[in-house]
Amino acid sequence: MLSKAGTLIAATAALLLAAGAQAETIEVPVGAQGDDIPVEQLRGLNKHQVNARLGEPVTIQGPIGEPAITRWEYADFYVYFERDMALHTVKKHRG
């Protein structure tokens with residue numbers, strides 16, 4: 001039989017486990033983080049389409065690796081491509 005202290009510890013552990021099961025995951029999309037710089041959703045567009053929408057990038061890095069990953073840099077964000085397809089648009093950190 002459990003003592004009062006043992007019962008209290010068991011009850012506290014059960015409460016903590018139950019609280020953990022109720023935890024909520026909050027995801028903040030990258031486009032919603034930081035300043036309100038509008039970043040278009042470009043996923044699935046090819047390089048020609050991105051260039052038509054945004055103009056020439058400031059710099060281009062890559063392609064690197066297999067599959068070939070290329071990063072186009074614009075003033076406030078980066079666009080990452082796998083081969084010719086846009087994967088992600090990421091805002092630049094403003095510290």
Side-chain angles (χ1 to χ4, degrees):
M1 191 172 265
L2 292 175
S3 66
K4 284 186 179 182
T7 302
L8 181 59
I9 291 172
T12 302
L15 182 61
L16 289 173
L17 287 173
Q22 298 297 320
E24 182 178 347
T25 301
I26 299 174
E27 295 181 18
V28 179
V30 172
Q33 296 174 9
D35 297 332
D36 292 331
I37 300 167
V39 176
E40 290 188 50
Q41 296 301 318
L42 304 171
R43 185 179 183 99
L45 299 181
N46 65 38
K47 289 178 179 177
H48 178 74
Q49 292 168 318
V50 172
N51 190 295
R53 285 190 185 191
L54 303 177
E56 291 293 322
V58 176
T59 63
I60 297 175
Q61 289 189 343
I64 299 172
E66 183 56 40
I69 302 295
T70 305
R71 182 180 82 181
W72 286 11
E73 178 182 3
Y74 288 91
D76 296 314
F77 58 92
Y78 301 99
V79 180
Y80 289 87
F81 295 89
E82 180 178 316
R83 294 186 177 91
D84 191 48
M85 191 70 55
L87 293 177
H88 300 287
T89 305
V90 179
K91 283 186 176 181
K92 289 184 179 179
H93 175 72
R94 291 189 171 200

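Please read all numbers here as calculations on a predicted model, not as lab measurements.
- When the salt bridge (Lys or Arg N to Asp or Glu O under 4.0 Å) test is applied to Glu66, the partners found at least two apart in sequence or on another chain are Arg83.
- Within the structure, no pair that satisfies the ring-ring contact (aromatic ring centres under 6.0 Å, His included) test touches residues 49-68, not counting sequence neighbours.
- The distance from the CG atom of Leu45 to the CG atom of Leu87 is 11.5 Å, given to the nearest 0.5 Å.
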Which is it for Lys47 and Val50 under the side-chain contact (heavy atoms from CB on, under 4.5 Å) test, yes or no, and what are the steps along the way? CA-CA 5 Å; Lys47 289 178 179 177; Val50 172; 5.7 Å; no

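- Shown here for Val58 and Ala75, the closest heavy-atom pair between the two residues is CG2-N, 4.1 Å.
- Closest of all the heavy-atom pairs between Val90 and Tyr80 is CG2-CE1, 4.0 Å.
- Of the possible polar contacts, none joining the Arg43 side chain to the His88 backbone as a donor-acceptor pair under 3.5 Å is found.
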Do any side-chain atoms of residues 67-74 form donor-acceptor pairs under 3.5 angstrom with protein atoms, and if so which ones, sequence neighbours left out?
unit_1 : atom_1 : unit_2 : atom_2 : d
Arg71  : NH2    : Gln61  : OE1    : 2.9
Glu73  : OE1    : Thr59  : OG1    : 2.8
Glu73  : OE2    : Lys92  : NZ     : 2.6
Tyr74  : OH     : Gly55  : O      : 2.8

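- By the rule that hydrophobic residues join a cluster once side-chain heavy atoms approach within less than 4.5 Å of another member, Ile60 and Met85 end up as members of separate clusters.
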